[in-house]
Chemist: 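Next up is a structure, given as C-alpha cells.
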Amino acid sequence: IGITPALSVIEAHKESRTIFLVWSTRDASMVEFFLEHYNHLDHKHGFNFIFYTGTQPLNLALLEGLPSNVKITQSRPNLDILIPDIIHAIEFSGMKSQDNFPSCCKCQAIHDIME
C-alpha cells in the first residue's frame, strides 16, 4: 500500500484527531507526490515524519518552506525508539497540536527529527 490511503485518512480525520504519519520510502517521486498533495489537505493538527532512504536527489524546491509539522529525514527510522516516543509525547505531554510539539516533548528521537 502506498501513501494515497494515508492521504485519505488525513483528509477524513484532520478536524477531529491529531494524526501522526510515519512513512519510509525510497522513491523520490512518492515524496514529491506527497508534498504536492499535502498542501491541499490543510492538515494543521498532525505530524508527518517522512524518512527518505533513496539515492535519487529530492526536488529541493519542494523542500523549501515546509510546514512545521512536516519533517523529512534522509535516513532510515528507528521505529523501536520513534513509535514509543510518539506514544509518550501524546500520553504524557498533553500534546494536542503542532503549536506545542517541540517544547512539550522530551523524547529524544522526536527532537532529533524536529531539528
Chemist: Please list, chain by chain and in numerical order, all residues satisfying side chain to side chain contact (heavy atoms under 4.5 Å, CB included) with A6, sequence neighbours excluded.
Modeler: I3, L21

Chemist: Under a 3.5 Å distance rule, please check whether N48 uses its side chain to pair with a backbone N or O of N69 as donor and acceptor.
Modeler: yes

Chemist: On a heavy-atom basis, which atom in T53 and which in S75 lie closest, and how many Å separate them?
Modeler: CG2-O, 3.8 Å

Chemist: Evaluate the side chain to side chain contact (heavy atoms under 4.5 Å, CB included) criterion for residues L7 and F34: first the C-alpha distance (whole Å), next the side-chain angles of each, then the deciding distance (0.1 Å), finally the verdict.
Modeler: CA-CA 8 Å; L7 292 174; F34 172 81; 3.6 Å; yes

Chemist: Enumerate the residue pairs fulfilling side-chain hydrogen bond (donor to acceptor under 3.5 Å, both in side chains) with a member in residues 24-33, sequence neighbours excluded, ordered by first and then second residue.
Modeler: D27-S29

Chemist: For V9, check side chain to side chain contact (heavy atoms under 4.5 Å, CB included) against everything at least two apart and list the hits.
Modeler: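 Scan of V9 (side chain to side chain contact (heavy atoms under 4.5 Å, CB included), adjacent residues dropped) gives H13.
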
Chemist: What is the minimum heavy-atom distance between I19 and I10, and which atoms define it?
Modeler: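 For I19 and I10, the tightest heavy-atom pair comes out as CD1-CA, 3.7 Å.
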
Chemist: When rounded to the nearest 0.5 angstrom, what is the spacing between CD1 in I87 and CG in L82?
Modeler: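 I87 atom CD1 to L82 atom CG measures 9.5 Å (nearest 0.5 Å).
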
Chemist: Just to verify, what does T4 make a side chain to side chain contact (heavy atoms under 4.5 Å, CB included) with, not counting sequence neighbours?
Modeler: F33

Chemist: Among all residues two or more places apart in sequence or in another chain, which pass the side-chain hydrogen bond (donor to acceptor under 3.5 Å, both in side chains) test with N59?
Modeler: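 Applying side-chain hydrogen bond (donor to acceptor under 3.5 Å, both in side chains) to N59 gives none.
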
Chemist: Assess the residue pair F47 and I86 against the criterion (side chain to side chain contact (heavy atoms under 4.5 Å, CB included)); give the C-alpha distance rounded to whole Å, side-chain angles, the decisive distance to 0.1 Å, and a yes or no.
Modeler: CA-CA 10 Å; F47 303 91; I86 289 171; over 6 Å; no

Chemist: Enter the distance from Y52:OH to Q74:CD here, rounded to the nearest 0.5 Å.
Modeler: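 Y52 OH to Q74 CD: 7.0 Å, rounded to 0.5 Å.
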
Chemist: If I take atom CG from residue L35 and atom CD1 from residue I72, how far apart are they, to the nearest 0.5 angstrom?
Modeler: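 L35 CG to I72 CD1: 4.5 Å, rounded to 0.5 Å.
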
